[in-house]
Amino acid sequence: MLPISAVPHSLPAAGAAAPDMAGDRPRAPSRWYGIVLSGGLALAAWQLGRWFPLIGGPVMGILLGMAWRNLLGVSAVFVPGIGYSSRQILKWSIIGLGFGLSLGQVVQTGASSLAVTLVTLLTAFVAACLLGRWLGLTGHLRTLIGVGTAICGGSAIAAVAPIIKPDEHDTALAISTIFLFNVVAVLVFPPLGHWMGLSDAGFGLWAGTAINDTSSVVAAGYSYSTAAGDVATIVKLTRATLIIPVCVGMALWTAWRARHAETRVSLAQIFPWFILWFLAASGARSTGLIPESLLAALHQGAQFLIIMALTAIGLSSDLRRMALAGVRPLLLGLGVWVAVACSSLAVQWAMGSL
């Protein structure tokens, strides 16, 4: 739920009843109000994402949510449902994404890109930690921007958020920062690739490891060439599977740190069990338990749930607080992104694969 301070002063505090516009009867907060609001805005974002694929539905969702929150305000009756959408529905969306990943496909097509992917993953986390500390940003924001740059943008941030439990403002800020550089990457990567004389395979590997969001990877890859787009897509799918070990590692780290607190938290309490369901979904896809005719619908459903969760996160963000953060989050996102892009090229050059 939003803290009381995050609710505009002109609105009732979270948990308080809001007046009924049709009369004087108060309306008690209900989960359904926020779910319907998040879902309705997500539908609009879904359509806008189709009209403007360069931006995409997830970005549209968080932008619409932020616009509603900061221009119209969010009444207390919506708060429970917004919190539910940004947390529980978020987990369901990650599970749904598992149906779009075949374990056999990942093993077969991703082995050759593993070295570059692992180096860029490590580079992203190290750069986020060091640069974020130097910029004086919170640990949660450093982690979210690092994991978003390292793996798969907003989807990775959505998967990690339930584990580290950041402030919703940090989550919205991280997603906005990551997607900003996704759009920039689509515009600048192809010209840079041609300027450097990269091969189709080299550019595909570069785009697949250095651009965050899948839609942006595909857009940049196929704008370079069909062959580059094919390689970039396969590399991106392989990279997306690293969300599992990263989430498990963060859960273990969070549990270990909690043992020093006055109130200890067991691993069973803190472990993100939705990851196991994510693995089960991927396994069902790989073994053929899910009919091929259903896979497209499951993928579309998962994509919509992600947009809905990110819309709810946008509804939780306060632009006044974001303005107080200044340019430092953008500088962190830029620094990590440049470090990842350069490390990908460096590893490919060392391997002689450019």
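Closest approach of Ser85 and Gly34 over heavy atoms only: OG-O, 4.3 Å. Minimum interatomic distance between Ala312 and Ser38 (heavy atoms only, all atoms of both residues): CB-OG, 3.7 Å. Residues Ala185 and Pro190 come closest through the heavy atom pair O-CD, 3.9 Å. Ala341 and Trp206 get closest at one heavy-atom pair: O-NE1, 3.1 Å. Heavy atoms only, all atoms of each residue included: Val74 and Leu315 are closest at CG2-O, 3.8 Å. Of all non-hydrogen atoms in Gly221 and Ala228, the two that sit nearest each other are O-CB, 3.7 Å.
In the hydrophobic clustering of this structure, Phe52 groups with Leu64; members are Ile, Leu, Val, Met, Phe, Trp, Tyr whose side-chain heavy atoms approach within less than 4.5 Å, directly or through other members. Residues Phe125 and Trp134 share a single hydrophobic cluster, defined by chaining ILVMFWY side chains whose heavy atoms lie under 4.5 Å apart. When hydrophobic clusters are built by joining Ile, Leu, Val, Met, Phe, Trp and Tyr residues whose side-chain heavy atoms come closer than 4.5 Å, directly or via intermediates, Leu122 is not grouped with Leu345. Residues Val126 and Val340 do not share a hydrophobic cluster, defined by chaining ILVMFWY side chains whose heavy atoms lie under 4.5 Å apart. In the hydrophobic clustering of ILVMFWY residues, with side-chain heavy atoms under 4.5 Å counting as a link, Val36 and Leu305 come out apart.
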Notebook entry, point to check: When you look at Tyr84 and Ile89, which way does the side chain to side chain contact (heavy atoms under 4.5 Å, CB included) test go after all the steps?
Noted result: CA-CA 7 Å; Tyr84 183 84; Ile89 290 180; 4.2 Å; yes
Margin query: Using side chain to side chain contact (heavy atoms under 4.5 Å, CB included), reason through Phe189 and Phe203 one step at a time and then give a plain yes or no.
Written below: CA-CA 9 Å; Phe189 263 55; Phe203 182 84; 4.0 Å; yes
Note to self: With side chain to side chain contact (heavy atoms under 4.5 Å, CB included) as the criterion, how do Thr209 and Val119 come out once you've worked through the C-alpha distance, each side chain's angles and the decisive distance to 0.1 Å?
What the structure shows: CA-CA 10 Å; Thr209 53; Val119 169; over 6 Å; no
Margin query: Evaluate Phe99 against Leu294 for side chain to side chain contact (heavy atoms under 4.5 Å, CB included), listing each step before the verdict.
Written below: CA-CA 10 Å; Phe99 293 108; Leu294 293 180; over 6 Å; no
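Side-chain N or O atoms of Arg31 include none that pairs as donor or acceptor with a backbone N or O of Pro80 at under 3.5 Å.
Thr117 OG1 to Lys236 NZ: the interatomic distance, rounded to the nearest 0.5 Å, is 10.0 Å.
Judged purely by distance below 3.5 Å, without hydrogens or angles, the side chains of Asn212 and Thr149 never pair a donor atom with an acceptor atom.
For the side chain to side chain donor-acceptor pair (under 3.5 Å) test, no residue two or more places apart in sequence or in another chain qualifies with Ser343.
Aromatic ring centroids of His194 and Tyr224 lie under 6.0 Å apart.
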